[in-house]
**Q** 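Supplied in structure tokens, the structure appears directly below.
Residues: numbered from 1 along the sequence shown.
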Amino acid sequence: MAGLFITNLDFFIVNVAIPSLQRGMHATSAEIQLVAATFNIGLSAMLITGGRLGDLYGRRRVFSVGLALFTLASLACGVAPNMGELIAARAVQGAAAALVIPQVLGILTTTYTGKARVAAFNAYGLTLGASAVFGQLIGGLLIKADVFGWDWRTIFLINVPIGAVVLLLTPKVVPESRADGRTGLDLTGVVLVTAGLTAVVLPLVEGREQGWPTWTWECLVAAVPLLAAFWYTQRRKAARGKSPLVHPSLFEDRAFGVGVVSLLVFFAAMASFFLVLALYLQEGRGQSALTSGLLFIPLGLGFFIGSVQAPKAAAKLGKQVLALGALLLAAGDVALAETVWHLDTSGSVEWCIPAMVLGGFGMGLVVAPLTSLVLEGVAPHHAAAASGVFSTAQEMGNAIGIAVIGVVFFSVAGHRVGAHSYAHAFGTSLLVQAGICVLVAALVQLLPRRAEAA
């Protein structure tokens, strides 16, 4: 969980450091954007390959290698003398995180069974959500503390001691596991899936800031034949009895297929919520990173309560706990939109707290049970590969949600004059996110009865 926390945190925490990073490094807007984009692209493109490497060469071993690389890359980010080296280190950080994250679910799947596995998946969901919910607050606290005058560098350097401790403990407390047999890595699949996912994520991350130039649409079009060729080669290898990167049999399990789509759609709403909330608080209301981060505490409180109650609710409601959580999150979004419109630019943002607690509670009801439902029926020898697909769906949801909601937010803000533009843009974005949550509630109805019983 510690390895998962610090790697997932780095997806969110860097946004807090952008103002001080830009001042300290005299960075251009394009360079600042690449600091976030290179991490996201490296992570998204390599997750499936990272998962398969764990199946083949040992999940604990690949977890340790990935965490060591992530720790060294974090150190390189923290001491980077210029933007070029920082951007390069961020790319390595993202690729290293892609080695770590799939192994966590793979290790949990193969180590635990029955109620212990459910408890482990709940811990996974709680950790995943906490790293996202509290990323803004943790980043604000680290920058405010300004330890040794390191300013923004602290958000990267904090990973070094944590990573070192986790690396020391891993051989002692984490069991090794791998898939049966020692077939080689599907290099054709690696090339095709990496190119295809990069062709999707790159334009989504860069497109809005650059005004959606021609190359972004060309990349999205090119992604279609690349991913189609990847799927064709996977089916062909499986039919010949060889070892594909992602075995097609994974998607023959309806719980896995529907769950992965539901996960992608849910995280499209969840990740974009953090983006527009931070924009509203810091740009629209002029709050500091730390002050705005404190408002994430009610969201985190609701998430924690929802996560604690999720196992009991899932035992009674089955898959409908996911629908309930998604609808509660949608209700929280609508209530928050109404509050923000009423406050405009003069009212106290503390009035947003009840709606944020409700939304956080809904998030908590979804994240942990969804992990269990998606991975419950996965065979142990496909554990890390399935986890790679699971994590890729999450990251793709993040990228798609931020791209779509970012367009909505800035389009509305750009067409309005005056201080209330950010409030109106935030409220409009929340209504779109509420609609996405309703779609999640509809999708989970497609989960099979077996998943509901699980």
Side-chain angles (χ1 to χ4, degrees), residues 8 11-12 15 36-37 39-41 43-45 47 101 125 128-129 131-133 135 196-197 199-209 212 216 220 223 227 257-280 299 303 322-323 325-334 336-337 359-360 362-371 373-374 389-412 425-447:
N8 197 59
F11 179 88
F12 298 93
N15 294 325
F39 181 89
N40 298 354
I41 293 165
L43 176 61
S44 302
L47 277 165
I101 293 174
L128 192 68
S131 62
V133 172
L197 292 175
V200 174
V201 177
L202 178 61
L204 290 178
V205 172
E206 293 280 298
R208 181 185 57 78
E209 287 286 341
W212 299 102
T216 59
L220 290 171
L227 293 176
V258 173
V260 164
V261 175
S262 301
L263 179 82
L264 185 150
V265 176
F266 176 74
F267 271 89
M270 188 168 164
S272 58
F273 174 82
F274 299 128
L275 169 69
V276 294
L277 177 58
L279 286 170
Y280 167 68
L299 183 72
F303 178 83
L322 303 175
L327 293 176
L328 286 175
L329 178 54
D333 286 341
V334 173
L336 186 56
M363 286 181 189
L365 287 181
V366 174
V367 175
L370 185 57
T371 305
L373 288 169
V374 172
V389 175
F390 180 93
S391 301
T392 299
Q394 176 195 328
E395 298 303 331
M396 293 294 289
N398 290 342
I400 292 170
I402 289 172
V404 172
I405 300 300
V407 168
V408 173
F409 184 94
F410 287 104
S411 296
V412 174
F426 181 42
T428 304
S429 300
L430 287 169
L431 294 184
V432 176
Q433 289 165 343
I436 296 174
C437 292
V438 172
L439 177 58
V440 173
L443 282 172
V444 299
Q445 304 308 313
L446 300 176
L447 286 167

**Q** Starting at OG1 of Thr392, measure out to CG of Leu47 and round the result to the nearest 0.5 Å.
**A** 4.0 Å

**Q** Would you say that Ser262 contacts Leu322 through its side chain, given a criterion of any heavy-atom pair below 4.5 Å between the two side chains?
**A** no

**Q** Do Phe266 and Val367 have side chains that approach each other closer than 4.5 Å (heavy atoms only, starting at C-beta)?
**A** yes

**Q** Could you grab the distance from atom CZ of Phe267 to atom CD1 of Ile402, nearest 0.5 Å is fine?
**A** 12.0 Å

**Q** Any non-hydrogen side-chain atom of Leu204 less than 4.5 Å from a side-chain atom of Val404?
**A** no

**Q** Does Leu430 form a side chain to side chain contact (heavy atoms under 4.5 Å, CB included) with Val334? I'd like the steps, not just the answer.
**A** CA-CA 7 Å; Leu430 287 169; Val334 173; over 6 Å; no

**Q** Taking the side chain as C-beta and beyond, is there a heavy-atom pair between Phe273 and Ile405 under 4.5 Å?
**A** no

**Q** Between Ala269 and Gln433, which heavy-atom pair has the shortest distance, and what is it?
**A** O-NE2, 3.9 Å

**Q** Do you know which two heavy atoms are closest between Ala393 and Val260, and how far apart they sit?
**A** CB-CG1, 3.6 Å

**Q** Nearest heavy-atom pair of Ala441 and Ala326: which atoms, and what distance?
**A** N-CB, 4.1 Å

**Q** Kindly give the heavy-atom pair with the smallest separation between Val201 and Ser44, and that separation in Å.
**A** CG2-CB, 3.7 Å

**Q** I want to check something: taking the side chain as every heavy atom from C-beta on, are Leu43 and Ile101 in contact at a cut-off of under 4.5 Å?
**A** yes

**Q** Hey, what do you get for CE (Met270) to SG (Cys437), rounding to the nearest 0.5 Å?
**A** 10.5 Å

**Q** Report yes if the side chains of Asn40 and Glu395 come closer than 4.5 Å at any heavy-atom pair, otherwise no.
**A** no

**Q** For residues Leu227 and Gly196, report the shortest heavy-atom separation together with the two atoms involved.
**A** CD2-CA, 3.8 Å

**Q** Roughly how far, to the nearest 0.5 Å, is CG of Leu277 from CG of Leu336?
**A** 7.0 Å

**Q** With rounding to the nearest 0.5 angstrom, report the OG1 to CG distance, Thr428 to Leu431.
**A** 6.5 Å

**Q** Work out which heavy atom in Ala425 is nearest to a heavy atom in Val412; give both atom names and the distance.
**A** CA-CG1, 3.7 Å

**Q** Is the shortest side-chain heavy-atom distance between Leu299 and Phe303 below 4.5 Å?
**A** no

**Q** Just verifying a value: how many Å separate Leu264 CG and Asn398 CG, rounded to the nearest 0.5 Å?
**A** 9.0 Å

**Q** If we only count heavy atoms from C-beta on, is the Leu128 to Asn8 side-chain gap below 4.5 Å?
**A** yes

